Asks: 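Sharing a structure, written as structure tokens. Questions coming.
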Amino acid sequence: MPGAGHAVTGPASAVSRERAAEAAEGSVEEHPCPVAVPSGTTCGYLLAPERRDVPNSRTIKVGYAVHRASQASGRAADPVVYMSGGPGSASLQLTGFLSQMFPGRDVVVLEQRGGRYSEPRLSCPEIVRGVVDTLRTPGPASAETTPLARQALACQSRLEAEHVDLRGYRTAEIAADVVDLRTALGYPRWYLFGVSYSTRPMLLAAARDPQGTRGVVLDSLLPAGSRWYDKASAALSATMTKLGVAARFDAMVKALDAHPATYETKDPLTHKRLTVQLNGDDVATILGEALHETDVIPIVPALVDGLAAGRTELLQPLVDAAGDGLTSHEWGLYYAVQCQDEAPYNSFPGSRGPRLFTGVVDAAVCDAWGLPAARADADLLTPHASVTQTASSEGAAPPMLVLGGQYDPTTPPEAARQAVSAVPGARFAEFAGTGHAAFLSSACSRQMIAAFLDDPAATASPCDPGAAPYPVVRPGDLLLTSSVYRLSRSPIPLAVPAVFLLVSAVQLVAGLVSLVRRRGGGLSALAGLAGVALGALSALSLSEIRDWTTLAIGVPHALAWYGLLALVSTGLSIVEAFRLNAAAAKIVPALTGLVLLAWLYGWLLA
């Protein structure tokens, strides 16, 4: 969930006792909104200690936005506070989207400390550079961690020179920010809404602040202690099994490990041309990240099958998108959290499946940084912990709605369902055909969340979570080609069919006029009609595609058959052009038809 950044200057290296005490109480200060927000929204900073476990710790600023609900509807409903995942993803850019989801209540959007719209901002371009440099070579990432560790240490040294104490950027502190913000804004209670990583601080905040928690919404739940790195490869393979391409996926990984593929793309830092060489583990990682997007999920089976068959050019759209992913997080914050709260509780064993690039890089960075493991705090899902029985204002644990995407390999729905199965007042819903962060792509999930906030006790579903938004494209359903994606990057080749259709339309009209005047023209009319019919049938075939992402890897088989109309049109035009006493201009439709045939069968459908 990338968003536009803004320049941030580091805060002073020391604060007074009075300022530290004020921060500990959770004071706020207003600040102009750094992103576009709807009217009725104010932005500011929560002033918080960088480390609550250290007396007189310096004050940092945690960005937030508050969209006030209209009071015309009467009594205001309980507000909802949202935080994005990551760790290190920005949140404020979703203020307008969330205010539309919950029009009758205040919506509070909270950044993570160290995030894009907080101060300090823990960006880490050095690590991004290390990752990109590693992808330039075809070898396994596990053999190239030394340069990456060097870049990680450069980032750590720079942040420490800016007086950043990385030990203050962990889940427990982020959860405390949520609790302090509620007090500072004066809300007696609110709903907590977390997605992916932020489900962890939201669960912890609910456990620490039961009186202030009306209910909890968790999308793409990441339970504490889930050993995310150790299970990542198996989770991706399980998703491929759901999609019915497990064997082809394994074949693809083996083939690309033996013969890495080369791609030209854009450097995410310099925006210059970049050549990367990707092996099977790298491609598996890219596919795992792509499965976050609901509109990409349907093409994965056909894509994996094509890659296994050697059609490596089909991966180009995902390679280009991967660069944006490398700039979508504040990596200093990401690694501060992961190296304290997640990596220490994983063993990073050699896997029978693909060795995902993400785990290799994160292990190398965390080894270099050497941060101590954070203490595991009990939250609402901790088995046998007294916190799960902590009374809220109603005398029971807060109600909980948990959402999962069917094809999400990062936070598998099976793990989320199991984690909440024994929690009183918790409900789980899985959404067919979706991936990570279901609420961003599933209208049904948004309706369900809104209904839960209106009445947490209601059990009736306002929609059908089993209705997938797009049908899955199976191997063989498409004529595989990367040409349409190349057209989206440079539409100049579209001039060929455009000229052909224009000439065909003119040819049809001219032929009909000649027929009316009884001057012949029958061949011209038929040739023009075949050309126009080709355009109409092709447009109709493409209009039936529900998910336009499909065109990134292929087109309907019907286009190859419709191309026969171009052959008919061209043949008739050639006959017309070489008739006795034919005008010289008659050669134009014949030439444009020949060019179209070469373009269609020699380039577009090749």
Side-chain angles (χ1 to χ4, degrees), residues 11 20 23-24 26 46-64 83-91 110-124 127 152 155-156 159-160 162-181 192 194-209 221-229 329-346 362-363 365-382 385 387:
L46 171 72
L47 304 179
E50 188 170 45
R51 290 185 61 184
R52 291 175 172 85
D53 60 336
V54 174
N56 300 325
S57 176
R58 75 167 183 168
T59 298
I60 63 172
K61 297 182 177 182
V62 184
Y64 72 88
M83 180 188 292
S84 289
S89 294
S91 303
L110 179 60
E111 286 290 299
Q112 295 167 24
R113 54 171 52 212
R116 182 160 303 182
Y117 305 118
S118 297
E119 297 183 11
R121 176 182 176 183
L122 273 58
S123 59
C124 223
I127 292 179
C155 173
Q156 184 182 37
L159 292 174
E160 289 176 348
E162 296 170 2
H163 309 291
V164 172
D165 187 342
L166 293 171
R167 290 168 296 178
Y169 300 85
R170 53 193 179 89
T171 301
E173 292 286 5
I174 295 172
D177 292 339
V178 176
V179 176
D180 286 351
L181 183 63
L192 305 179
V195 58
S196 189
Y197 162 72
S198 69
T199 59
R200 285 185 173 177
M202 289 303 186
L203 280 168
L204 194 54
R208 293 181 174 183
D209 186 28
L221 171 63
L222 185 65
S226 59
R227 296 172 56 211
W228 181 71
Y229 292 111
H329 292 62
E330 304 310 311
W331 293 106
L333 170 59
Y334 173 89
Y335 283 111
V337 173
Q338 293 297 91
C339 295
Q340 296 181 86
D341 291 328
E342 182 61 46
Y345 303 101
N346 289 256
D362 290 7
V365 173
C366 290
D367 285 345
W369 277 18
L371 295 174
R375 185 186 66 188
D377 294 313
D379 63 24
L380 291 184
L381 301 184
T382 304
V387 68

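These values consider heavy atoms only, across backbone and side chains, with no hydrogens, waters or symmetry-generated copies. Keep in mind that what you see is a predicted model, and the values were worked out from it rather than measured.
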Asks: If we count only N and O atoms by modelled type, under 3.5 Å, do the side chains of Y335 and Q156 hold a donor and an acceptor together?
Replies: no

Asks: For the atom pair CG (D165) and OG (S57), what is the distance rounded to the nearest 0.5 Å?
Replies: 7.0 Å

Asks: Taking all heavy atoms of A376 and all of Y345, pick out the closest pair and write down the distance.
Replies: N-OH, 4.0 Å

Asks: Is a side-chain donor or acceptor of E111 paired with a backbone partner of S91 at a separation under 3.5 angstrom?
Replies: yes

Asks: Establish, from distance only, whether the side-chain atoms of D362 and Y334 form a donor-acceptor pair under 3.5 Å.
Replies: yes

Asks: Any idea which heavy atoms bring L222 and Y197 closest together, and the distance?
Replies: CD2-CA, 4.3 Å

Asks: How close do Q338 and P344 get, counting heavy atoms only, and between which atoms?
Replies: O-CD, 3.8 Å

Asks: Compare all side-chain heavy atoms of E162 with those of P120 and state whether any distance is below 4.5 angstrom.
Replies: no

Asks: Looking at every non-hydrogen atom in both residues, tell me the closest pair between L204 and A378 and how far apart they are.
Replies: CD1-O, 3.3 Å

Asks: Could you tell me whether the side chain of K61 reaches within less than 4.5 Å of the side chain of L47, counting heavy atoms only?
Replies: yes

Asks: To the nearest 0.5 Å, what is the distance between CG (L110) and OG (S118)?
Replies: 7.5 Å

Asks: Which atoms form the tightest heavy-atom contact between S196 and G85, and what is the distance?
Replies: CB-CA, 4.4 Å

Asks: Which residue in the set Q340, R51, Q112, E50 passes side-chain hydrogen bond (donor to acceptor under 3.5 Å, both in side chains) when paired with Y169?
Replies: E50

Asks: Report the distance from atom CG of L381 to atom OG1 of T199, rounding to the nearest 0.5 Å.
Replies: 8.5 Å

Asks: Has the side chain of R113 got a donor or acceptor atom that lies under 3.5 Å from a matching backbone atom of A48?
Replies: no

Asks: Using a strict threshold of under 4.0 Å (side-chain N to carboxylate O), is an ion pair present between D180 and R208?
Replies: no

Asks: Could you tell me whether the side chain of R58 reaches within less than 4.5 Å of the side chain of V164, counting heavy atoms only?
Replies: yes

Asks: Any donor and acceptor pair, going by atom type alone, linking the side chain of E173 with main-chain N or O of R52 inside 3.5 Å?
Replies: yes

Asks: Treating S89 as the side-chain partner and S84 as the backbone partner, does any N or O pair qualify as donor plus acceptor under 3.5 Å?
Replies: no

Asks: Would you say the side chain of L181 lies within less than 4.5 Å of the side chain of V62, judging by non-hydrogen atoms?
Replies: no

Asks: Do the side chain of R167 and the main chain of L371 share a donor and acceptor less than 3.5 angstrom apart?
Replies: no

Asks: Look at the side chain of D341 and the backbone N and O of T171, then say whether any donor-acceptor pair between them is shorter than 3.5 Å.
Replies: yes

Asks: Considering only heavy atoms from C-beta outward, does the side chain of L166 approach that of L122 to under 4.5 Å?
Replies: yes

Asks: Just verifying a value: how many Å separate I174 CD1 and M202 CE, rounded to the nearest 0.5 Å?
Replies: 10.0 Å

Asks: Between R200 and A175, is there a donor-acceptor pair closer than 3.5 Å when you use the side chain of the first and the backbone of the second?
Replies: no

Asks: Looking at every non-hydrogen atom in both residues, tell me the closest pair between C155 and I127 and how far apart they are.
Replies: CB-CG1, 4.5 Å

Asks: Indicate yes or no for a side-chain donor-acceptor contact from D379 to the backbone of L203 under 3.5 Å, with no hydrogens or angles considered.
Replies: no

